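Since the structure is predicted, the reported quantities are computational estimates derived from the model, not experimental observations. In the text below, chain A, chain B and the rest are named by the order of the sequence lines, each starting its count at 1.
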Amino acid sequence: MDLLASLNPRQREAVLHTEGPLLILAGAGSGKTRVLIHRIAHLIQGVGATPESILAVTFTNKAAGEMRSRVSSTLEDSGMALERSPFVSTFHSFCVRLLRRYGAPLADLRPGFTSSFTIFDEADQVAAVKSVYREIGIDEKFMKARALLSAVSHSKNHGKTPQDFYESAEGPQDDKIAVIFEKYQALLQSSNAFDFDDLLLESVRLLKHSEQTRASLHERFRYLMIDEYQDTNRPQYELMKLLTGAAHNVCVVGDEDQSIYSWRGADIRNILDFEKGFPEASVVRLEQNYRSTKRILAAASGVVANNLDRKGKNLWADGEEGSPVLFYHAPDSDAEARYAARCVDRHLTENPGKNAAILYRANSQSRQIEEALRRINRDYKVVGGVSFYQRAEVKDILAYLKSATSSANAISLMRIINTPARGIGRTTVEQIENHARRAGISMWEAIEQMLSEGRFPARARAAVAVFHRLIGGLRKQLSDEPWYEAIPWIMDESGYRSMLESDGSIEAAGRLENINEFINAAADAYRRSESLDEFLDQAALVADTDQLDSSSPVLLMTLHSAKGLEFPLVVMTGLEEGIFPHGRSLEDPAALEEERRLCYVGMTRAREQLILIAARARRRFGGGSPELMMPSRFLKEIPRDVLQSVGQQVSPSWNTGDGYSLDLQAEQHEVRETVQRRLYDGPTYNSVENLSGFFAKKNLPVPANLRRPAQAKPRSGAPAQRMPAGGPAWRARHTSGYRLGEKVRHSKYGVGTVMKFEGDGDDTKLTVHFRSAGLKKLVAKFAGLQPA
DNA sequence: TGAAAGATCGTTTTT
DNA sequence: CGATCTTTCA
């Protein structure tokens with residue numbers, strides 16, 4: 001079979017461009033994955049590259065697995081079976097392998113580093129921060145551990161050390177964060193542990209530091225490919241640059257309209273800088289959509305056209321008109337769930353063999369939908385959510401294994417020192433912690449010292465001795481027997497099994513089942529001749545159990561997890577202001593644009609039918625009375641002629657009769673008009689080269705996520721910006737003297753956020769979102785706004 | 001010390 | 001509502 005025959009000219013161009021840097025701008029459903037697969041196949045079959053000289057990086061483990069299997073089946077189809085596969089993995093997995101295998105020189109830079117480091121997942125990170133809190137005597141009233149970690153992560157990804165953080169501190173709060181940051185990092189190092197960010201950063205550091213390592217990698221990997229390039233962050237960009245040797249054989253694929261991870265540090269500058277970093281780069285655009293009907297595509301395009309911050313890509317489809325996008329305005333969230341379930345049920349009955357997805361903004365929304373599906377006996381599968389390896393019981397067992405393999409790991413040790421309860425209480429643990437800190441030794445060493453020096457009271461001594469013997473026994477077990485057998489050993493010897501068995505509750509039974517499943521997973525890994533280290537890496541890096549097989553035809557997942565997937569029927573739920581767009585984004589224009597892109601991603605998952613649902617009322621927390629919800633602004637951005645309302649209409653439109661809704665509707669209309677003008681009049685920033693020039697000419701502020709971060713407060717959207725944030729001082733001032741996103745006070749409406757400018761100087765019309773009064777349009781010189 | 005009741009709290013997205 | 005932390009009491 002000819003590999004190229006099934007491709008359109010653009011796609012073919014991308015596949016055939018094998019030498020030198022290549023940027024593929026690929027719209028939704030434009031066959032991006034196909035191009036990548038065929039490109040790999042072509043490299044092997046046409047160019048004669050060895051499979052192992054190709055490194056392909058994907059965003060999720062799931063995508064990596066899929067790509068691996070599709071490459072081999074494509075090659076098989078064209079009569080070429082591979083014994084070795086290309087190296088396909090996520091950035092994070094790749095870095096783990098890199099550090100384990102080539103990491104030795106890193107010990108120069110990171111004292112105590114050994115290749116048997118452990119990975120701290122999110123729960124470990126939180127535990128580490130809490131441990132630092134205890135050490136310096138503050139509690140979470142200062143700042144939630146997770147919030148603090150966002151600040152730390154943000155700093156790290158922008159190349160900031162605790163010292164840098166301290167120097168740019170804006171007040172005592174920041175000073176404190178800097179201290180915690182430093183101690184957190186020290187704790188990681190003394191535990192020989194890496195958090196997710198460290199995996200990338202230290203890999204970059206290693207490659208910068210060791211020319212030899214760089215050389216071996218260039219020798220090994222001749223061709224580099226990166227999928228979902230719009231969602232890469234700065235360290236990933238640097239890593240890419242370091243990995244492409246002199247040949248610059250790197251191919252990146254992305255779509256800025258689908259950039260939905262800026263909160264995690266994804267940086268659209270990576271697309272811009274690609275051509276700066278590689279001036280000889282070629283650009284290929286894939287703009288033909290093969291996935292969705294014309295109506296679905298029109299609806300999605302209509303929404304995303306409201307973003308100012310985009311390239312104005314021209315996605316077109318050749319296929320069927322399709323049926324209109326349906327909108328159901330449910331009386332409440334329960335009715336929403338029932339309607340979603342009914343749609344899916346009918347679809348599957350009428351189209352046996354097909355599948356469907358129900359999408360929502362936040363995982364917590366899945367509950368009611370699950371209930372509705374159960375009530376009509378429809379099988380479903382929830383993707384993501386609380387992952388298998390995050391379950392408490394599995395984490396406990398993992399902590400035993402980690403404590404045994406890495407005695408420096410204080411976090412794992414703390415987790416299981418009294419689980420199951422063995423009489424080591426708070427006081428005893430504190431004593432050990434203090435001793436370790438004072439003597440500058442690990443928790444494990446502290447335990448040994450204190451035992452031999454007789455520092456415990458009798459009862460505690462006995463308990464600690466039991467624990468000490470237990471871990472010692474586990475180490476022996478691990479060195480003598482196949483490692484997976486250690487898990488049942490732990491269950492029996494630690495008393496974990498009897499703890500669960502004597503409990504007798506349904507939950508305990510479920511936990512036992514989970515652990516059995518875990519033992520099976522371990523045994524499988526062992527049979528695949530994976531080492532314990534590799535198995536533990538997997539557990540930390542593989543978020544969900546990766547139900548690639550997705551045995552059920554009904555999938556429930558967040559909009560984020562739907563990225564990269566497609567379904568004949570897609571039902572999107574919770575299209576309400578505050579839910580989607582999410583409440584946290586309402587006052588930040590850049591965050592709002594990301595929500596809009598997320599909406600675009602969701603809608604373009606649908607092949608044949610797209611159904612949108614909003615609830616008029618929703619209970620936000622368990623108790624209280626239901627809240628009235630405003631329909632999402634995204635609904636109003638969908639061109640009328642492709643949208644059809646269904647179900648009983650309580651009122652003629654979604655206008656609920658209060659001022660907010662009216663204003664909003666007028667507002668949206670104008671936004672659309674302005675955008676149209678901006679997109680098609682004069683130079684569009686259609687080519688990557690003239691992006692910032694485009695904004696300069698239009699006298700527009702360069703959107704925040706296209707701009708270089710200023711010294712003090714970089715970026716928006718990223719978590720750190722939400723914390724102390726005395727207002728986004730880094731944003732350029734409009735000629736009216738206000739800034740986008742700035743907080744202002746109005747004599748009547750109270751505090752609000754500046755969302756939009758029209759006109760210049762004193763005559764500027766400001767659109768301000770007030771917490772109490774909603775969106776208002778005000779003329780700058782009459783509004784009498786005070787800074788808030 | 002630890003289980004159990006009570007209070008609190010905070011809710012986005014994920015490698 | 002549910003997870004998690006705190007307090008209470010045996």
- Rounded to the Å, how far apart are Leu592(A) CG and dT12(B) P? 17 Å

- Under-4.0 Å side-chain N/O to phosphate OP1/OP2 contact, Ser561(A) with dT14(B): yes

- From the options dT12(B), dT15(B), dT1(B), select the nucleotide whose nearest atom is closest to the side chain of Thr428(A). dT1(B)

- Item | Residues from residues 195-205 of chain A lying under 4.0 Å of DNA chain B - heavy atoms | Phe196(A)

- Who passes ring-ring contact (aromatic ring centres under 6.0 Å, His included) against Phe91(A), sequence neighbours left out? none

- Note on the structure: side-chain hydrogen bond (donor to acceptor under 3.5 Å, both in side chains) filter on Gln365(A), not counting sequence neighbours, yields none

- Message: Which residues pass the side-chain hydrogen bond (donor to acceptor under 3.5 Å, both in side chains) test with Ser561(A), not counting sequence neighbours?
- Response: Thr558(A)

Side-chain donor-acceptor contacts of residues 124-131 of chain A below 3.5 Å, not counting sequence neighbours, with atom names and distances?
from, atom 1, to, atom 2, distance (Å)
Asp124(A), OD2, Asp121(A), N, 3.2
Gln125(A), OE1, Tyr184(A), OH, 3.4

- Query: So does Ser585(A) get a side-chain nitrogen or oxygen closer than 4.0 Å to the phosphate oxygens (OP1/OP2) of dT12(B)?
  - Reply: no

- Message: For Arg374(A), is the CZ atom crowded, meaning more than 12 foreign heavy atoms sit under 6.0 Å from it?
- Response: yes

- Winner on side-chain proximity to Glu122(A), out of dT1(B), dT15(B), dT12(B), is dT15(B)

- Task: Could you list the residues that satisfy side-chain hydrogen bond (donor to acceptor under 3.5 Å, both in side chains) with Asp227(A), not counting sequence neighbours?
- Result: Lys32(A)

- Task: Could you state the atom-to-atom distance from NE2 of His560(A) to P of dT13(B) in whole Å?
- Result: 9 Å

- Using whole Å, report how far CD1 of Ile579(A) lies from C1' of dT13(B). 14 Å

- Item | Between dT15(B) (P) and Leu99(A) (CG): distance, integer Å | 19 Å

- Message: By nearest heavy atom, map Thr90(A) and His582(A) onto DNA chain B; which one lands nearer the 5' end?
- Response: His582(A)

- Salt bridge flag under 4.0 Å for residues Arg234(A) and Glu238(A): no

Below 3.5 Å is the cut-off: list the nitrogen or oxygen pairs between protein and nucleotides 2-10 of chain C, distance only.
from, atom 1, to, atom 2, distance (Å)
dC5(C), OP1, Lys130(A), NZ, 2.3

- Message: Among residues at least two apart in sequence or on other chains, which ones pass side chain to side chain contact (heavy atoms under 4.5 Å, CB included) with Ala410(A)?
- Response: Met443(A)

- Note on the structure: Sorted by chain and number, sequence neighbours left out, ring-ring contact (aromatic ring centres under 6.0 Å, His included) with Tyr600(A) holds for none

- Ring of His92(A) versus six-membered ring of dT15(B): centres under 5.5 Å and planes under 30°? no

- With sequence neighbours left out, what residues match Phe120(A) under ring-ring contact (aromatic ring centres under 6.0 Å, His included)? none

- Between dT12(B) and dC5(C), how far apart are the C1' atoms? Round to whole Å, please. 23 Å

- Task: Among dT15(B), dT1(B), dT12(B), find the nucleotide with the atom closest to the side chain of Arg361(A).
- Result: dT12(B)

- Please list, chain by chain and in numerical order, all residues satisfying side-chain hydrogen bond (donor to acceptor under 3.5 Å, both in side chains) with Arg97(A), sequence neighbours excluded. none

- Message: Hydrogens and angles aside, do Tyr237(A) and Asp267(A) bring a side-chain donor and acceptor to less than 3.5 Å of each other?
- Response: no

- Output yes if the stacking criterion (under 5.5 Å between centres, under 30° between planes) is met for Trp263(A) over the base of dT13(B), else no. yes

- Looking at every strand, decide which applies to Phe59(A) at a 4.0 Å heavy-atom threshold: base, sugar-phosphate, or nothing. sugar-phosphate

- Query: Taking CG from Asn418(A) and P from dT1(B), how many angstroms apart are they, rounded to a whole number?
  - Reply: 9 Å

- Arg459(A) CZ: over 12 foreign heavy atoms closer than 6.0 Å: no

- Task: Figure out the NZ/P separation between Lys156(A) and dT15(B), and round it to whole Å.
- Result: 18 Å

- Of the candidates dT15(B), dG2(B), dT12(B), the side chain of Asn61(A) sits closest to dT15(B)

- Query: Is any side-chain nitrogen or oxygen of Asn363(A) closer than 4.0 Å to OP1 or OP2 of dT13(B)?
  - Reply: yes

Name the pairs: protein N/O against N/O of nucleotides 4-9 of chain B, kept only if under 3.5 Å.
none

- Message: Could you tell me how far apart Leu359(A) (CG) and dT13(B) (C1') are, to the nearest whole angstrom?
- Response: 13 Å

- Message: Rounding to an integer number of Å, can you tell me how far Asn157(A) CG sits from dT15(B) C1'?
- Response: 11 Å

- Checking all strands, does Asp121(A) fall into the base, sugar-phosphate, or nothing category for heavy-atom contacts under 4.0 angstrom? nothing

- Test for a donor-acceptor pair under 3.5 Å between the base of dT14(B) and the side chain of Arg264(A), counting only N and O atoms. yes

- Query: In terms of side-chain heavy atoms of Thr558(A), which of dA3(B), dT15(B), dT13(B) is nearest?
  - Reply: dT13(B)

